[in-house]
Amino acid sequence: MAMRAAEWHRLPVSLTELCINTTLRCGQSFRWRKSTDDEWSCTLHGRILSFRQDTTHLHYRAIFPPQATLPTPPPSVAPSPAHSTSLDADDTLALIKHYFNLTPNLADLYKQWSASDPNFQKLAPNFAGVRILRQDAWEALIGFICSSNNNISRISGMVHNLCLHYGAFIGHLGSEPYHDFPTPQALAKDGVEAHLSKLGFGYRAKYIAKTAKMVEEKGIVWLEGLCNPESPGFGVDAKVGAAGDMLEDGREGYKRAHEELLALHGVGPKVADCVCLMGLGWSESVPVDTHVWKIAQRDYKFGKGKHKSLTAATYTAVANHFRKLWGKEAGWAHSVLFTADLKTFAGQLAAKIEVKSEEITVKIEEGKVVTVKKEEKEEITLKTEARIAEVVEEKKTTAKKATKKSVKRKANDAQVVVVKEEVVTRRSKRART
DNA sequence: ACTATGCCTTCTTA
DNA sequence: ATAAGAAGGCATA
């Protein structure tokens, strides 16, 4: 029962191309756990993968289960009994490159999106390295069914519970047990719905049980067959083909995948788009959730006239707008803006500062600069300490000028004082058992 | 075809 | 303190 040695390897990757600290917790996957000292871990394809990242490299290691608990592969593709370490290392590297979707040049894409969209250009510099993962389609499907009307920390807890109760045990990392994501068969068994309800899944218990049965019925091949042929799943035996021409509402294959997914229980347009983008390799997919809808209203002039509320027609209009603006990888760009809007990231770097004068109050909380000038109020959302410092200086200057003008005193008399300065760090709570 | 409403549960905000 | 609202929506009428 000896555990295979878990040696660290490294891969040259810049933070511009991939930032795991952002990418692994921006709501794409709900399964990554951060242990002590910045090590991110998750089970993937029957092994525990762990990552650390510095400015030049991605460091990784894989821990395999003891041979006895390895899932038995079909005899035709069974590896040689030797099952050498070097073979595993090769496999793991390929898996990592696949999972992190490392082929597209993200810096080039950011430049492209910045050139075509001033709003992206403004927000993106603080959120480099947000890359769309190539997750397993089935896992993405279940994960995003859990996401409806829900928040990231609770979703993570639910997915963790799915693995714990229905996924194969892989091994321990420290004292923490790691289980694989459950198969459709495991979630299609009788009693799953009742059990999940007891575990606090709410109305999603029924969706998961039903969808698992439907996928089992249709066959996992059906689901994997919805994949972008240019980007098949890892280890999936599929022909690589052309994905077709880009249209304003996406390629034919994307539209077909989206439509077919809608047949599943608990899968509406938004969840289907998440699965298309993150589980099936359709980069033009733009999931329009409440966040994206707010962004569309705030920064892209939606929410008026024909598109007053988020109806089915509005949903398509918003997604098409972003596809036209950002192109074939619209879903990737969308993810950057989505991440920029997440509270967990806003709070992380936000300083809490109050600047007061007789006329003007500047408050900075949770990444927002609020200037209160008598009855007027102005809000600016900021993400980095550097930008916050800049804006505070700017506001102090404004405050001095305003005070001088209205009260007719010397600029120095303006009482611009930093009352409170404190870094607020918000941490999402961990999963419960 | 569109539009409202209930739904499980937890956490935040007023 | 206690209530209402929001949280990566969906299914149903």
Side-chain angles (χ1 to χ4, degrees), chain A residues 22-32 130 132-133 135 139-162 192-211 214 258-259 261-279 285-297 305-319 322 331-332 334-347 365-368 370 424 426-433:
Chain A
T22 311
T23 301
L24 296 183
R25 61 200 187 95
C26 70
Q28 290 195 56
S29 170
F30 306 102
R31 222 147 61 80
W32 289 91
V130 177
I132 294 294
L133 302 170
Q135 298 180 65
E139 179 185 330
L141 172 60
I142 297 302
F144 287 110
I145 286 177
C146 291
S147 77
S148 81
N149 229 341
N150 212 343
N151 56 65
I152 292 179
S153 87
R154 185 177 166 216
I155 301 163
S156 301
M158 287 161 68
V159 171
H160 182 67
N161 266 336
L162 286 178
V192 168
E193 183 186 336
H195 185 208
L196 294 184
S197 291
K198 211 169 62 187
L199 287 172
F201 278 62
Y203 55 82
R204 303 163 199 88
K206 182 182 286 187
Y207 294 162
I208 291 168
K210 267 192 166 176
T211 288
M214 290 171 84
H258 190 265
E259 187 173 342
L261 287 170
L262 294 179
L264 301 170
H265 231 66
V267 179
K270 187 267 172 186
V271 170
D273 267 323
C274 287
V275 177
C276 282
L277 178 63
M278 298 165 220
S285 175
V286 180
V288 183
D289 56 30
T290 142
H291 271 280
V292 175
W293 174 232
K294 279 174 192 158
I295 292 169
Q297 291 173 94
K306 178 77 196 85
H307 301 300
K308 220 165 153 62
S309 65
L310 188 49
T311 61
T314 304
Y315 185 103
T316 310
V318 171
F322 286 135
W332 290 51
H334 135 281
S335 199
V336 176
L337 291 198
F338 178 85
T339 303
D341 219 58
L342 278 182
K343 252 196 176 148
T344 43
F345 294 103
E365 273 176 54
E366 299 291 323
K368 281 191 180 218
V370 184
V424 183
R426 313 187 93 214
R427 304 205 59 209
S428 54
K429 266 158 230 148
R430 247 307 137 214
R432 48 201 191 78
T433 50

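Proteins get letters first, then strands, A, B, ... in listed order; numbering begins at 1 in each.
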So SG of A/Cys146 and CG of A/Leu162: to nearest 0.5 Å the spacing works out to 5.5 Å
Just verifying a value: how many Å separate A/Thr311 OG1 and A/Lys306 NZ, rounded to the nearest 0.5 Å?
6.0 Å
Audit row: A/Val286, A/Val318, side-chain contact (heavy atoms from CB on, under 4.5 Å) steps and yes/no
CA-CA 9 Å; A/Val286 180; A/Val318 171; 5.8 Å; no
Which part of the nucleic acid, if any, lies within reach of [X] when heavy atoms closer than 4.0 Å are counted: base, sugar-phosphate only, or nothing?
X: A/Val288; answer: nothing
X: A/Leu264; answer: sugar-phosphate
X: A/Cys26; answer: base

With the side chain defined as heavy atoms from C-beta on, A/Val271 is closest, among C/dG8, C/dG9, B/dT13, to C/dG9
Which one, C/dG9, B/dC8, B/dC2, comes nearest to the side chain of A/Ser148?
C/dG9
Heavy-atom donor-acceptor pair, [X] side chain to [Y] backbone, under 3.5 Å:
X: A/His195; Y: A/Val192; answer: no
X: A/Tyr315; Y: A/Pro269; answer: yes
X: A/Arg204; Y: A/Phe201; answer: yes
X: A/Gln28; Y: A/Met278; answer: no

Per the glycosidic torsion and the 90° limit around 0, nucleotide C/dG5 is anti
Can you tell me the distance, in whole Å, between the [atom1] atom of [X] and the [atom2] atom of [N]?
X: A/Lys343; N: C/dG8; atom1: NZ; atom2: C1'; answer: 15 Å
X: A/Lys308; N: B/dC2; atom1: NZ; atom2: C1'; answer: 17 Å
X: A/Asn151; N: C/dG5; atom1: CG; atom2: P; answer: 18 Å
X: A/Ile155; N: C/dG9; atom1: CD1; atom2: P; answer: 8 Å
X: A/Leu141; N: C/dG8; atom1: CG; atom2: C1'; answer: 15 Å
X: A/Trp293; N: C/dA6; atom1: CH2; atom2: P; answer: 16 Å
X: A/Ile152; N: B/dT9; atom1: CD1; atom2: C1'; answer: 17 Å
X: A/Leu342; N: C/dA7; atom1: CG; atom2: P; answer: 11 Å

Flag the pair A/Asp273 / A/Leu261 as yes when at least one side-chain heavy-atom distance between them is below 4.5 Å, and no otherwise.
no
Of A/Lys294 and A/Gly268, whose nearest nucleotide on DNA chain C comes first from the 5' end?
A/Lys294
If you pin A/Ser29 and A/Gly266 to their nearest nucleotides in DNA chain C, which one's is more 5'?
A/Ser29
Give me the distance, rounded to whole Å, that separates [N] from [M] when you measure between the [atom1] atoms they each carry.
N: C/dA11; M: B/dT10; atom1: P; result: 23 Å
N: B/dC11; M: C/dC10; atom1: P; result: 23 Å
N: C/dA13; M: B/dC8; atom1: P; result: 15 Å
N: C/dG5; M: B/dG6; atom1: P; result: 13 Å

Identify all pairs in which a protein N or O lies below 3.5 Å from an N or O of nucleotides 3-7 of chain B, and state each distance.
none

Should the side chain of A/Arg154 and the base of B/dC8 be counted as holding a donor-acceptor pair, with the cut-off at 3.5 Å?
yes
Both distances under 3.5 Å, Watson-Crick or G-U wobble: report the partner of B/dG6, or none.
C/dC10
